[in-house]
Amino acid sequence: MNRLARLRVEDIQAWIGEVHLLDRKGQTPYYIPVLNRVNPDVFALQIHCLEGEILSWGDETVTFPLMSVIKPFLLLYLLNHLGEDAVFRRVGKQASSYPFNSLTQLQEDSGFPRNPLINSGAITLADLLGGETPESRCENLLLWLNKMGNCQLFLDRSVLESVHSYPNVHNQALSLELEKNGYISHRYLALETYNRICCLSGKIADLANLGKLILAAPFSEIILEIMTNCGLYEASEKFAIEVGFPTKSGVSGALLSILSDEGVIACYSPLLNEQGNSVLGLDLLTKLSNFFKEI
């Protein structure tokens, strides 16, 4: 039974209204000025059922950067091109109880990135992308995702300029530690590639289509397990127990959940909680999970 196909438009509409009224407690990220200035009320939601039905709410035309939601797709690309052994020699699969940009976590692990969905892991995997420059590496990933996922992603240069305008000392420290311990070869190349791929942007339909790409991928079980355990950073374990959907968030407010054999849920709402996850998005997923438990 596909639970997503059992959803009623009126139920979703009611939930959206409830969370919009209640969730004004989030913030936008101060360290990326262009994201800090977005309209906090902008919202988009799209649910794609595997049978083909598509349900949409909010602004289908709004574009937003994927930010850390790109990380499962970086992992997917490298698993397809390099294989498991090459990827997991550089990065682990374990959850972290520290924030997504924690240097302490990396140092406690002797410079070995705990998983691909925290910053140290994604910077490390960015070092494995093919290409001589950050531009060509980002372009290779972009073209592959657009082709395989039927998407129209693009590099949002205004977001990239904003990222560059506020030097991220946490990521710089992570890249230095990774290079010192031999997990990346070129610190500048890895970090700038990471910055660029996080600025790949699209609409809510693009995000949902990307989710379907993971569902159809030969490495989907590995990626979904890592998303479940690590996709919401230190909030992952609690969310996995209470809700259970493999989910990845980004500090833009993007949120993607993938339900095996059922479909995908893509959401965009920019107000974040203290862990950097979309407040409204997580509340909607919780309501969906509660609904599924009742049917």
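Values in this document were obtained by computation on a predicted structure and should not be read as measured data.
Cluster annotation: Y77 is not connected to M67 through the hydrophobic network of ILVMFWY side chains, with a link wherever side-chain heavy atoms come within less than 4.5 Å. Hydrophobic clustering of Ile, Leu, Val, Met, Phe, Trp and Tyr side chains at less than 4.5 Å, counting indirect connections, keeps L153 apart from Y194. Side-chain heavy atoms closer than 4.5 Å link hydrophobic residues (I, L, V, M, F, W, Y) into clusters, and following such links, possibly through other members, connects V163 to I118. A continuous path of ILVMFWY side-chain contacts below 4.5 Å connects L66 to L129, so both sit in one hydrophobic cluster. Linking ILVMFWY residues whenever their side-chain heavy atoms come closer than 4.5 Å, directly or via other members, leaves L160 and I123 in distinct clusters.
Using a distance-only test at 3.5 Å, with no hydrogens or angles considered, no donor-acceptor pair links the side chain of D109 to the main chain of G111. N168 places a side-chain N or O within 3.5 Å of a backbone atom of H170 that can act as its donor or acceptor partner. N273 places a side-chain N or O within 3.5 Å of a backbone atom of N277 that can act as its donor or acceptor partner. Within the 3.5 Å criterion, the main-chain N or O of A95 finds a donor-acceptor partner in the side chain of R114. In this structure, the side chain of S252 engages the main chain of P65 through a donor-acceptor pair within 3.5 Å. S289 contributes no side-chain N or O that, together with a main-chain N or O of K287, makes up a donor-acceptor pair within less than 3.5 Å. With hydrogens and angles ignored, the 3.5 Å screen pairs a side-chain donor or acceptor of S236 with a backbone N or O of L232. A donor-acceptor pair under 3.5 Å is formed between the side chain of S162 and the backbone N or O of V34. When atom types are taken as modelled, the side chain of N115 and the backbone of Q94 share a donor-acceptor pair closer than 3.5 angstrom. Counting only distance, with no hydrogens or angles, the side chain of S175 and the backbone of L191 share no donor-acceptor pair below 3.5 Å.
Closest heavy-atom contact between I184 and T124: CG2-CA, 3.6 Å. Between S68 and K248, the shortest heavy-atom distance links the atoms O-CE, 3.3 Å. Across all non-hydrogen atoms, the minimal contact from A44 to V62 is CB-CG1, 4.2 Å. Scanning both residues, L215 and S260, for their nearest heavy atoms gives CD2-CA, 3.8 Å. The two residues P29 and L35 make their nearest non-hydrogen contact at CG-CB, 3.8 Å. Counting all heavy atoms, side chain and backbone alike, V91 lies closest to L125 at CG1-CD2, 3.8 Å.
Look at E161 and R157 and you find no salt bridge, because none of the NZ, NE, NH1 or NH2 atoms lies under 4.0 Å from a carboxylate O.
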Problem - Full working for ring-ring contact (aromatic ring centres under 6.0 Å, His included) between W57 and F43 - result: CA-CA 8 Å; W57 295 265; F43 170 77; 8.5 Å; no
Problem - Full working for side chain to side chain donor-acceptor pair (under 3.5 Å) between E192 and H164 - result: CA-CA 9 Å; E192 182 56 20; H164 287 155; 3.0 Å; yes
Handout entry: Test side-chain contact (heavy atoms from CB on, under 4.5 Å) applied to L288 and I12, step by step
Key = CA-CA 8 Å; L288 278 169; I12 295 284; 3.8 Å; yes
Problem - Full working for side-chain contact (heavy atoms from CB on, under 4.5 Å) between I222 and F88 - result: CA-CA 11 Å; I222 295 173; F88 292 115; 3.9 Å; yes
Practice task
Could you check L272 against V279 for side-chain contact (heavy atoms from CB on, under 4.5 Å), going step by step and ending with a plain yes or no?
Solution key: CA-CA 5 Å; L272 309 176; V279 176; 5.5 Å; no
Practice task
Please assess V69 against L255 for the test side-chain contact (heavy atoms from CB on, under 4.5 Å), listing each intermediate value before the final yes or no.
Solution key: CA-CA 7 Å; V69 178; L255 198 67; over 6 Å; no
Exercise for the section: Go through N150 and K212 one step at a time and tell me if the side chain to side chain donor-acceptor pair (under 3.5 Å) criterion holds. Expected result: CA-CA 10 Å; N150 189 29; K212 290 191 292 185; over 6 Å; no
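Rounding to the nearest 0.5 angstrom, the gap separating the CD atom in Q105 from the CG atom in L174 is 10.5 Å. Between the CG atom of L224 and the CE atom of M227 there is a distance of 6.5 Å, given to the nearest 0.5 Å. Expressed to the nearest 0.5 Å, how far NZ of K71 lies from CD1 of I226 amounts to 13.0 Å. Interatomic distance, CZ of F154 versus CG of L142, reported as 10.0 Å (0.5 Å rounding). In this structure, the separation between CG on N181 and CZ on F112 is 11.5 Å, given to the nearest 0.5 Å. To the nearest 0.5 angstrom, L213 atom CG is 5.5 Å from W144 atom CH2.
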Please list, one pair per line, the donor and acceptor atoms closer than 3.5 Å that link side chains of residues 198-207 to other protein atoms, with sequence neighbours excluded.
| unit_1 | atom_1 | unit_2 | atom_2 | d |
| --- | --- | --- | --- | --- |
| S201 | OG | C199 | O | 2.9 |
| D206 | OD1 | Q152 | N | 3.0 |
| D206 | OD2 | K203 | N | 2.9 |

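Under the rule for a ring-ring contact (aromatic ring centres under 6.0 Å, His included), H186 has no partner lying at least two apart in sequence or in another chain. Residues passing the side-chain contact (heavy atoms from CB on, under 4.5 Å) test with S185 are R90, D127, sequence neighbours excluded.
Looking at heavy atoms from C-beta onward, L141 lies out of side-chain contact with F73 at the 4.5 angstrom threshold. Between F239 and L285 the shortest side-chain heavy-atom distance falls below 4.5 Å. Using a 4.5 Å heavy-atom threshold, the side chains of L210 and V264 count as separate. Contact of the R137 side chain with the L189 side chain is registered, since non-hydrogen atoms from C-beta on lie closer than 4.5 Å. Put simply, the side chain of I214 reaches to within 4.5 Å of the side chain of P72, judged on heavy atoms. Between S96 and S102, the closest side-chain pair of non-hydrogen atoms is not below 4.5 Å. In this structure, I54 and Q46 have side chains that are in contact, with non-hydrogen atoms separated by less than 4.5 Å. Contact check for L4 versus E53: no side-chain heavy atoms found under the 4.5 Å cut-off.
Counted within 6.0 Å of CD on E225, heavy atoms from surrounding residues, nucleotides or ligands total 12 or fewer; the atom is thus considered open. Open room surrounds NZ on K147; 12 or fewer heavy atoms of other groups in view lie less than 6.0 Å from it. Around atom CD of E132, no more than 12 heavy atoms belonging to other residues, nucleotides or ligands sit under 6.0 Å away. Sparse packing is recorded around CG of D85, with 12 or fewer heavy atoms of other residues, nucleotides or ligands lying under 6.0 Å away. Heavy atoms from other residues, nucleotides or ligands lying under 6.0 Å from CD of Q172 number more than 12. At most 12 heavy atoms of other shown residues, nucleotides or ligands fall within 6.0 angstrom of atom CD in E221.
Below 30°, between 30° and 60°, or above 60°: for F100 and Y233 the angle between ring planes is between 30° and 60°, a tilted geometry.
For the 3.5 Å distance criterion, the side chains of E234 and S97 fail to qualify, holding no donor opposite an acceptor. Judged by distance alone, the side chains of Y98 and E108 do bring a donor and an acceptor atom under 3.5 Å apart. Using a 3.5 Å distance cut-off with no hydrogens or angles, the side chains of N101 and N119 do not pair a donor with an acceptor.
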